[in-house]
Protein chains: 2
Amino acid sequence: MTPDTFHLSSFLPYRLAVLSERVSRRLSVEYGRTHGLVVAEWRVLVHLLRCGAVSVRDIHNCVNLEKPRVSRAVSRLEAEGLVQKTQGEGDGRLVAISLTDAGYRALADIIPAAKQIERHLVKAVSPEDLATFFRVMDHIHTVLDDDPEAKPRTAMDLRPAPATPA
Amino acid sequence: MTPDTFHLSSFLPYRLAVLSERVSRRLSVEYGRTHGLVVAEWRVLVHLLRCGAVSVRDIHNCVNLEKPRVSRAVSRLEAEGLVQKTQGEGDGRLVAISLTDAGYRALADIIPAAKQIERHLVKAVSPEDLATFFRVMDHIHTVLDDDPEAKPRTAMDLRPAPATPA
DNA sequence: CCAAACTCGTTGCAAATGAAATGATATTGA
DNA sequence: TCAATATCATTTCATTTGCAACGAGTTTGG
C-alpha cells in the first residue's frame with residue numbers, strides 16, 4: 001500500500017510549475033530591469049494594447065489576474081504615467097483604462113525583447129513539435145474545463161491562436 | 001515601430017503560467033481538502049518519501065522552494081505530526097527531517113489521488129505526443145541553462161525521469 | 001591553535017497576495 | 001417610484017512570500 005515510487009521530477013504538475021516559474025522569471029528580468037514592471041503590470045499593458053480602453057473587470061477576465069491585483073497594478077501604472085484612468089461614459093462605476101503615449105513607448109520597447117526571448121526558447125524546436133506542445137497544453141485545459149473541482153478558464157484563454165489552422 | 005500585434009494568449013510564458021497555475025490549483029484542492037496541505041508541504045513530504053532523512057538545504061535544492069519556505073513548511077508539518085526533526089549526527093548545524101508514520105499514511109492517501117489526477121489530464125494524449133511535450137519542456141530548460149539571466153535549475157530537475165527509455 | 005570565512009537553519013521585515021468587506025452606482029421588479 | 005439586488009472598483013485585513021540578516025556551528029589556512 002505504501003507508494004514506494006513517486007518522483008516529483010517526473011510529475012506533470014511539478015514540472016509545469018518549475019518550468020513556468022523559470023520562464024516567467026527570465027522574462028520579468030527583462031521588463032523589470034528596463035521598465036521596473038512586475039508581471040501583473042506587464043499583462044495589463046499588453047492587454048490594453050490589444051483592447052484599448054477597458055475596465056478593471058475586463059482586464060481581470062482576460063489576463064488571469066485577481067481583481068485586486070489588477071486594481072493595484074493599474075494604480076502603479078497610472079502613477080508611473082503608463083496608463084490613464086478616465087471615468088466611464090455611460091456607467092459611472094466603470095473605469096476606462098487606456099495606454100498613455102509613454103505606455104505605448106514602453107511596450108514598443110519591451111515587446112520585441114519579449115518576443116525575442118520567446119523565440120530563443122523554442123528556436124531549435126521543430127514546428128511540428130511546437131504545435132504538439134501547444135496542442136497538449138490546450139488538451140489539458142480542455143480536461144480541466146470538464147472538472148468541477150478546477151477553476152474555470154478565462155474567456156480569453158479559451159481560444160488561443162491556433163497553432164495549426166485547419 | 002509600434003508592435004500592433006501581440007497576443008498574450010499565444011505567448012509561451014503566459015500560456016505556461018496560466019496552465020501551470022490551473023493544474024497546481026486543481027491538485028492542491030485534493031491535498032488541501034483531504035489533509036490541509038499547501039504546495040510547499042506536499043513537495044516536502046514527497047521528497048522525504050524518496051530521500052529519507054534529509055536537511056532543509058537538501059529539500060531546498062531538490063524541490064524548487066526557497067529555504068525559508070522549506071523551513072516554515074517543515075515546521076508546520078512537524079506541528080501536524082507528519083514529519084520529525086532530529087539533530088544531525090555529525091554536523092551540529094544539520095537537521096535530519098524524516099516522515100513519521102502519520103506522514104507515510106498521508107502520502108499513501110494522497111499519492112494515488114495525485115497520480116490519478118495526472119493520469120486523467122493526459123489520458124487522451126498519445127504516448128508520442130506526451131513524449132514530445134516533455135521533450136520540449138526539457139529543451140526550454142536547456143536553453144535557459146545557457147542563459148546567464150536565468151535562474152539555474154536545481155540539480156534534481158536536471159535529470160527528469162526519461163519519458164522514452166532507450 | 002585560532003581567527004577568518006563559510007554553511008546551516010531560522011527569523012525579521014517589508015512587500016505581495018487573495019478573500020471578503022465596503023462604498024458607490026446600476027438594474028430589477030413589485 | 002423606489003426598495004431590493006447586483007455589479008464595479010477599491011480597500012481592509014490576515015496570510016504568504018522572499019530577501020537579507022542573524023546566531024550557531026564548522027571548515028580552512030596560517
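Throughout, protein chains are lettered first and strands after them, A, B, ... in sequence-line order, and every chain is numbered starting at 1.
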- Item | Protein-nucleotide distance (Lys67(A), atom NZ; dC8(D), atom P), rounded to Å | 7 Å
- Item | Where chain A begins and ends its contact with DNA chain C, read 5' to 3' at 4.0 Å from heavy atoms | dT17(C) to dA26(C)
- Query: Which residue lies toward the 5' end of DNA chain C, Val39(A) or Gly92(A), if each is placed at its nearest nucleotide?
  - Reply: Val39(A)
- Looking at side-chain heavy atoms only, is the closest gap between Arg57(A) and His60(A) below 4.5 Å? yes
- Query: Does the side chain of Lys85(A) get closer than 4.0 angstrom to OP1 or OP2 of dT10(D) through an N or O atom?
  - Reply: yes
- Between dT11(D) (P) and Glu66(A) (CD): distance, integer Å: 18 Å
- Do we see a donor-acceptor contact under 3.5 Å between the side chains of Ser75(B) and Arg72(B)? no
- From CG of Leu94(A) across to C1' of dT10(D) the rounded distance in Å is 14 Å
- Ser55(A) near the nucleic acid: base, sugar-phosphate alone, or nothing, with a heavy-atom cut-off under 4.0 Å? sugar-phosphate
- Message: Determine whether Arg76(B) and Glu80(B) satisfy the following criterion, salt bridge (charged side-chain N to carboxylate O under 4.0 Å, His left out), listing intermediate values before the conclusion.
- Response: CA-CA 6 Å; Arg76(B) 281 187 298 253; Glu80(B) 301 286 331; over 6 Å; no
- Item | Chi angles and distances behind the salt bridge (charged side-chain N to carboxylate O under 4.0 Å, His left out) call for Asp129(B), Arg135(B) | CA-CA 10 Å; Asp129(B) 284 0; Arg135(B) 194 156 33 75; over 6 Å; no
- Message: Using OP1 and OP2 only, check whether a side-chain N or O of Ser71(A) sits under 4.0 Å from dT10(D).
- Response: yes
- Note on the structure: Whole-Å distance, Gln87(A) CD to dC8(D) C1', equals 10 Å
- By nearest nucleotide on DNA chain D, pick out whichever of Glu21(A) and Asp58(A) is the more 5' one. Asp58(A)
- Note on the structure: Per nearest nucleotide of DNA chain C, the residue lying toward the 5' end, Arg57(B) or Arg72(A), is Arg57(B)
- Task: First locate atom CZ of Arg43(A), then atom OH of Tyr31(A), and finally report the distance between them rounded to the nearest 0.5 Å.
- Result: 7.5 Å
- Item | 5' precedence on DNA chain D between Val56(A) and Arg25(A) (nearest-nucleotide basis) | Val56(A)
- Consider only side-chain N and O atoms of Asp147(A) and His120(B), and report whether a donor and an acceptor are under 3.5 Å apart. no
- Query: Run the salt bridge (charged side-chain N to carboxylate O under 4.0 Å, His left out) check on Asp145(A) and Lys151(A) step by step: do they pass?
  - Reply: CA-CA 8 Å; Asp145(A) 289 340; Lys151(A) 188 171 130 189; over 6 Å; no
- Query: Any side-chain N or O of Arg93(B) less than 4.0 Å from the OP1 or OP2 oxygen of dT26(D)?
  - Reply: no
- Task: Rounded to the nearest angstrom, tell me the gap between atom CZ in Arg69(A) and atom P in dT16(D).
- Result: 17 Å
